[in-house]
Amino acid sequence: MSKPLVVITGASSGIGEATARHLSEQGYALLLLARRVERLEALNLPNTLCRKVDVTDVTSFKAAIEEAEAQYGKVDCLINNAGVMLLGLVHEQNPLEWQNMVNVNILGLMNGIHCVLADMKARKGGTIINISSVAGRKTFPSHAAYCGTKFAVHAMSENIREEVASEDVRVITIAPGAVETELLSHTTSEEIKAGYEDWKQYMGGILAPQDIANAISYAYNQPQNVCIREIVLAATRQQP
């Protein structure tokens with residue numbers, strides 16, 4: 001292997017899938033994690049291990065990483081991409097949806113960091129890339145719980161970056177605006193989904209997953225002594 005191991009969570013569709021394809025083309029070994037392992041295997045990428053992992057289960061998360069490291073060497077980059085977006089008004093939304101977002105968007109992300117960070121610090125190198133959102137920087141209607149989880153991602157990323165900078169470990173936050181992914185499909189409110197679709201039409205289209213993959217690749221492929229701390233990107237016509 002000429003290039004080291006990259007771990008991507010939520011790699012079965014959208015940003016995760018696009019990033020997996022993009023980094024594979026660049027020659028990286030990959031560990032792809034998702035609940036729909038058949039989607040991962042269908043990508044048929046070389047030097048790639050695919051495992052069915054729920055990021056909220058730190059035991060299976062760690063086991064998959066150890067298996068991949070035995071085959072490809074130590075994790076050089078973790079891309080915490082797995083996420084859930086369940087939009088709704090707080091007084092109407094099922095509280096179980098809040099719990100789901102907290103579990104995946106916050107605790108799942110922390111599980112990944114927990115699995116790789118100690119070793120990165122010991123080796124004095126490595127990169128953690130957390131996929132947040134513009135909704136981690138400002139609020140939107142019907143996004144209260146989701147924004148809360150993404151504000152947490154921003155805060156944790158910067159906090160951890162400060163803690164590990166002296167060990168030459170990089171922590172990078174990618175904050176996309178609206179992206180054409182499956183995220184919206186999990187929202188149960190048809191009214192909210194219709195409004196979101198109208199917004200996309202008003203903007204004349206939104207970002208493609210490949211746009212985010214390009215940003216991830218740009219940040220990761222900088223020299224290790226250069227940390228692109230945050231990239232915020234959105235369709236040009238997206239105002240908020």
Side-chain angles (χ1 to χ4, degrees), residues 3-11 14-33 55 61 65 74-83 85 104-138 147 149-179 181 183 207-234:
K3 290 193 176 181
L5 175 63
V6 176
V7 179
I8 306 174
T9 69
I15 294 169
E17 178 184 342
T19 303
R21 292 183 186 276
H22 194 55
L23 294 183
S24 179
E25 289 172 359
Q26 295 177 22
Y28 288 98
L30 300 176
L31 169 62
L32 304 183
L33 304 178
V55 295
F61 205 149
I65 287 174
K74 293 295 186 178
V75 174
D76 188 62
C77 179
L78 166 66
I79 302 173
N80 277 311
N81 169 71
M85 183 175 75
V104 176
N105 299 354
I106 299 178
L107 300 181
L109 179 141
M110 293 180 73
N111 283 341
I113 294 173
H114 180 75
C115 288
V116 302
L117 187 55
D119 191 65
M120 287 181 175
K121 289 182 63 177
R123 288 185 285 119
K124 294 194 177 298
T127 303
I128 294 169
I129 300 177
N130 294 328
I131 308 303
S132 185
S133 171
V134 168
R137 306 175 86 250
K138 70 175 303 299
C147 281
T149 65
K150 291 302 185 177
F151 268 72
V153 171
H154 267 73
M156 293 187 301
S157 298
E158 178 59 13
N159 200 115
I160 296 169
R161 185 199 64 75
E162 293 175 358
E163 292 175 352
V164 301
S166 61
E167 279 85 25
D168 294 321
V169 177
R170 303 182 299 184
V171 180
I172 297 166
T173 305
I174 307 290
V179 184
T181 70
L183 274 181
L207 294 177
Q210 185 62 46
D211 298 322
I212 315 306
N214 293 341
I216 291 169
S217 175
Y218 167 75
Y220 176 42
N221 283 306
Q222 297 300 308
Q224 189 66 28
N225 68 323
V226 177
C227 181
I228 308 294
R229 298 183 184 184
E230 181 178 357
I231 296 178
V232 183
L233 67 162

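Keep in mind that this is a model prediction, so the values were computed, not measured.
With rounding to the nearest 0.5 Å, the separation of CD1 in I216 from NE2 in H22 is 9.0 Å. Distance check: L233 CG to L207 CG gives 5.5 Å after rounding to the nearest 0.5 Å.
Under a 4.0 Å N-O distance rule, the pair R21/E25 does not qualify as a salt bridge.
In this structure, the side chain of T173 does not engage the main chain of H154 through any donor-acceptor pair within 3.5 Å. Not one N or O on the side chain of N130 forms a donor-acceptor pair closer than 3.5 Å with the backbone of N80. Of the possible polar contacts, none joining the Q222 side chain to the C227 backbone as a donor-acceptor pair under 3.5 Å is found. In this structure, the side chain of Q224 engages the main chain of D168 through a donor-acceptor pair within 3.5 Å. With hydrogens and angles ignored, the 3.5 Å screen pairs no side-chain donor or acceptor of S217 with any backbone N or O of A213. With hydrogens and angles disregarded, a donor-acceptor distance shorter than 3.5 Å links the side chain of K150 to the backbone of I131. Listed for the K74 side chain is no donor-acceptor partner under 3.5 Å among the backbone atoms of D119. Counting only distance, with no hydrogens or angles, the side chain of R229 and the backbone of E158 share no donor-acceptor pair below 3.5 Å.
Under the 4.5 Å side-chain criterion, counting only non-hydrogen atoms from C-beta, N81 is not in contact with I129.
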>> I'd like to know whether L78 forms a side-chain contact (heavy atoms from CB on, under 4.5 Å) with I65, so could you lay out the CA-CA distance, the side-chain angles of the two residues, the decisive distance to 0.1 Å, and finally the verdict.
In response: CA-CA 10 Å; L78 166 66; I65 287 174; 5.5 Å; no

>> Quick one, T9 with F61, criterion side-chain contact (heavy atoms from CB on, under 4.5 Å). Give me CA distance, side-chain angles, the key distance, then yes/no.
In response: CA-CA 10 Å; T9 69; F61 205 149; 3.6 Å; yes

